[in-house]
*Asks:* 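Below is the structure I would like to discuss, written out as structure tokens.
Because the structure is predicted, anything quoted here is derived from the model rather than measured. Sequential numbering from 1 along the given sequence is applied to the chain's residues.
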Amino acid sequence: MSSPLATSPPFSRYEFIIAWRYLRARRAEGGVSVMTWITLIGITLAVFALIAVMAVRAGFRAEFVDTILGSNAHMTVYAAEREDENGRPVRGFQDYLQIADELRAIPGVTRAAPMVKATVMATFGERSAGVEIYGMAPADVATIPRVGKLEGGATAFGDLARLPEGIAIGSGIARELGVTVGDRIRLISPNGARTAMGTSPRVNAYEVVYVFTAGRWDIDRTRAYLPLAEAQSYLNREGRADEIEVMVEGPDHVEDLNDQFFAAGGPDALLWSWRDSAGAFLRALTIEDNVMFVIMAVLVLIATLNIVSGLIMLVKNKGRDIGILRTMGLTEGSVLRIFFLCGAATGFLGTVLGVILGCLFALNIDAIFSAVNWVSGGGVWDPEIRGIYALPAKLQAGDVLWAVSLSLTLSFAVTWFPARRAARMNPVEALRYE
């Protein structure tokens with residue numbers, strides 16, 4: 001007559017009870033609770049680190065792309081260099097208003113703004129800074145995300161409606177020059193008035209009427225806006241626009257509209273998309289994300305391997321118990337499942353705790369980063385290097401599922417081998433010296 005244990009279904013209640021007794025047993029009772037705790041802590045920290053890193057990387061990429069798309073053109077339409085009637089090289093569009101209207105008429109285009117652009121020197125008192133001048137109609141400046149339209153954490157002070165009377169500058173320029181709204185700064189352009197003695201620098205003074213913080217260091221530190229007509233006069237671009245800044249509803253697919261952009265821009269039109277300017281950064285971020293995931297996955301693997309050593313010690317200490325259970329009618333499958341439950345429970349609990357810690361870290365990244373910055377005395381995050389002002393985190397369900405799947409898969413996989421060894425233990429050999 002077969003034992004009831006041999007005919008019981010897999011993962012019966014008694015298998016869970018035995019596995020639980022083995023897990024909580026002290027070393028004096030033949031258990032390995034200390035090793036179990038070490039394994040549990042290791043898996044928890046590894047999963048926590050994996051989720052935290054993935055959340056920070058996702059947040060950094062989202063913030064980085066958002067600041068790129070927020071204040072920069074999704075597509076720039078400009079003209080190839082050609083010669084004017086006097087044989088001098090010129091670039092830009094003379095019929096820029098018509099071209100801008102045709103670009104706005106393209107389905108999916110939300111904004112098309114003619115502008116002139118040049119780099120000049122800005123001075124205030126004894127201070128100076130390099131500034132990139134964007135000459136643009138005040139109405140178009142008012143529609144620029146993070147500059148005229150304050151969104152995504154962007155801030156500003158002053159009155160943008162007064163732009164026809166002065167200049168709008170980034171907060172980094174204001175800080176570098178030590179100016180605020182109401183001060184007058186001087187712009188020095190090397191391409192000034194043409195005389196018989198050559199080209200002399202042109203110096204104009206403008207009142208600061210608006211100071212913006214777009215949230216990206218290289219924009220706030222270098223960019224200033226002048227009214228289009230004033231910029232054309234100051235930069236010797238009368239009757240011309242250097243390029244037309246285009247924004248679309250779906251920036252990720254802006255290249256799909258290239259044929260229509262070329263048709264609107266004319267035979268001399270050339271295109272430059274946001275991917276052309278930021279593509280290298282995005283590819284570097286993708287490579288870094290993949291490398292970081294592999295490194296953190298290795299850490300999870302190392303943590304789960306502690307399950308193997310713990311179970312091997314448990315099997316060795318419980319050899320007599322295994323022999324007795326086998327003589328009572330326990331099958332090899334039941335023994336395998338008991339020790340599998342011991343290892344799987346450790347991996348499962350460590351994964352759950354790691355997910356909780358990782359999610360709490362991602363949701364409270366600002367407070368944690370502020371504390372780290374305060375303890376270190378400040379300067380932990382350098383916006384000059386990273387382009388954005390703070391360390392962001394974006395918790396994504398897909399990343400959490402990846403971490404959980406990886407941890408549980410590795411935990412269950414490494415548990416199988418010592419559990420199989422316990423199941424194949426010969427009960428006669430286990431009890432021979434007892």
*Asks:* Do you see a donor-acceptor pair shorter than 3.5 Å between the side chains of S273 and D276?
*Replies:* yes
*Asks:* Any heavy-atom pair between the side chains of P114 and F93 that's under 4.5 Å?
*Replies:* no
*Asks:* Are V355 and V47 side-chain neighbours, meaning at least one heavy-atom pair lies under 4.5 Å?
*Replies:* yes
*Asks:* Decide yes or no for I167 and V209: does some side-chain heavy atom of the first lie under 4.5 Å from some side-chain heavy atom of the second?
*Replies:* no
*Asks:* Is V131 close to T222 at the side-chain level, that is, under 4.5 Å between some pair of heavy atoms?
*Replies:* no
*Asks:* Quick check against the 3.5 Å criterion: does D220 have a side-chain atom that pairs as donor or acceptor with the backbone of G172?
*Replies:* no
*Asks:* Side chain to side chain contact (heavy atoms under 4.5 Å, CB included) with Y210: which of L163, D159, L160?
*Replies:* L160
*Asks:* How long is the span from the CD atom in E245 to the CE atom in M75, to the nearest 0.5 Å?
*Replies:* 12.5 Å
*Asks:* Looking only at heavy atoms, which two atoms of A46 and A303 are closest? And how far apart?
*Replies:* CB-CB, 4.0 Å
*Asks:* S128 and T123: side-chain donor and acceptor closer than 3.5 Å?
*Replies:* no
*Asks:* Could you go through the side-chain contact (heavy atoms from CB on, under 4.5 Å) check for V53 and I295 one step at a time?
*Replies:* CA-CA 11 Å; V53 168; I295 293 174; over 6 Å; no
*Asks:* Identify the two heavy atoms, one from A118 and one from R237, that lie closest to each other, and give their separation to 0.1 Å.
*Replies:* CB-NH2, 4.1 Å
*Asks:* Check whether any side-chain heavy atom of V352 lies under 4.5 Å from a side-chain heavy atom of F348, and answer yes or no.
*Replies:* yes
*Asks:* Establish, from distance only, whether the side-chain atoms of E243 and Y96 form a donor-acceptor pair under 3.5 Å.
*Replies:* no
*Asks:* State, yes or no, whether a side-chain contact exists between T346 and S411 at a heavy-atom distance under 4.5 Å.
*Replies:* no
*Asks:* Distance check, rounded to the nearest 0.5 Å: I133 atom CD1 versus L187 atom CG?
*Replies:* 4.5 Å
*Asks:* Please name the pair of heavy atoms, one in T304 and one in V414, separated by the smallest distance, quoted to 0.1 Å.
*Replies:* O-CG2, 3.4 Å
*Asks:* Could you walk me through whether D256 and H253 pass side-chain contact (heavy atoms from CB on, under 4.5 Å), step by step?
*Replies:* CA-CA 6 Å; D256 295 343; H253 306 287; 3.3 Å; yes
*Asks:* Start with the C-alpha gap between E176 and R221, add the side-chain angles, then the distance that decides, and say whether salt bridge (Lys or Arg N to Asp or Glu O under 4.0 Å) holds.
*Replies:* CA-CA 8 Å; E176 184 77 11; R221 174 61 185 79; 3.8 Å; yes
*Asks:* Kindly give the heavy-atom pair with the smallest separation between A100 and I244, and that separation in Å.
*Replies:* N-CD1, 3.9 Å
*Asks:* Are I41 and I38 side-chain neighbours, meaning at least one heavy-atom pair lies under 4.5 Å?
*Replies:* no
*Asks:* Can you list the steps and then say if V179 with I169 is a side-chain contact (heavy atoms from CB on, under 4.5 Å)?
*Replies:* CA-CA 10 Å; V179 300; I169 64 175; 3.8 Å; yes
*Asks:* Is there a side-chain contact (heavy atoms from CB on, under 4.5 Å) between M136 and I144? Walk through the geometry before answering.
*Replies:* CA-CA 11 Å; M136 191 178 296; I144 301 176; 3.8 Å; yes
*Asks:* Give a yes or no on this: more than 12 heavy atoms of other residues, nucleotides or ligands lie within 6.0 Å of atom CZ of R104.
*Replies:* yes
*Asks:* Please round to the nearest 0.5 Å and tell me the distance separating atom CG of L341 and atom OG1 of T415.
*Replies:* 9.5 Å
*Asks:* Look at the side chain of D242 and the backbone N and O of K117, then say whether any donor-acceptor pair between them is shorter than 3.5 Å.
*Replies:* yes
*Asks:* With no hydrogens and no angle check, is any side-chain donor or acceptor of N364 less than 3.5 Å from a backbone partner on F361?
*Replies:* no
*Asks:* Is the shortest heavy-atom distance from the side chain of W274 to the side chain of P251 under 4.5 Å?
*Replies:* yes
*Asks:* For G158 versus V181, what's the shortest heavy-atom pair and its separation?
*Replies:* CA-CG2, 3.9 Å
*Asks:* If you measure from NE2 on H74 to CZ on R275, what distance do you get to the nearest 0.5 Å?
*Replies:* 11.0 Å
*Asks:* Does the plane of the ring in Y134 sit parallel, tilted or perpendicular to the ring in Y225? Use 30° and 60° as the thresholds.
*Replies:* tilted
*Asks:* At what distance, to the nearest 0.5 angstrom, does CG of L40 lie from CG of L353?
*Replies:* 6.0 Å
*Asks:* Donor-acceptor pair, S405 side chain versus L401 backbone, under 3.5 Å?
*Replies:* yes
*Asks:* Can a donor-acceptor pair be found between the side chains of R146 and N72 at a distance below 3.5 Å?
*Replies:* no
*Asks:* Any side-chain to backbone donor/acceptor pair from N290 onto T286? Under 3.5 Å, distance only.
*Replies:* yes
*Asks:* Test salt bridge (Lys or Arg N to Asp or Glu O under 4.0 Å) on R111 and D140; report intermediate values, then the result.
*Replies:* CA-CA 8 Å; R111 181 173 177 276; D140 290 330; 5.3 Å; no
*Asks:* Do the side chains of D289 and R57 get close enough for a salt bridge, i.e. N-O under 4.0 angstrom?
*Replies:* yes
*Asks:* Check the surroundings of atom CZ in F412: do more than 12 heavy atoms from other residues, nucleotides or ligands lie under 6.0 Å from it?
*Replies:* yes
*Asks:* Which pair of heavy atoms, one from I185 and one from L177, lies closest together, and at what distance?
*Replies:* CG2-CD1, 4.2 Å
*Asks:* Calculate, to the nearest 0.5 Å, the distance between atoms CD1 and CZ belonging to I99 and F261 respectively.
*Replies:* 13.5 Å
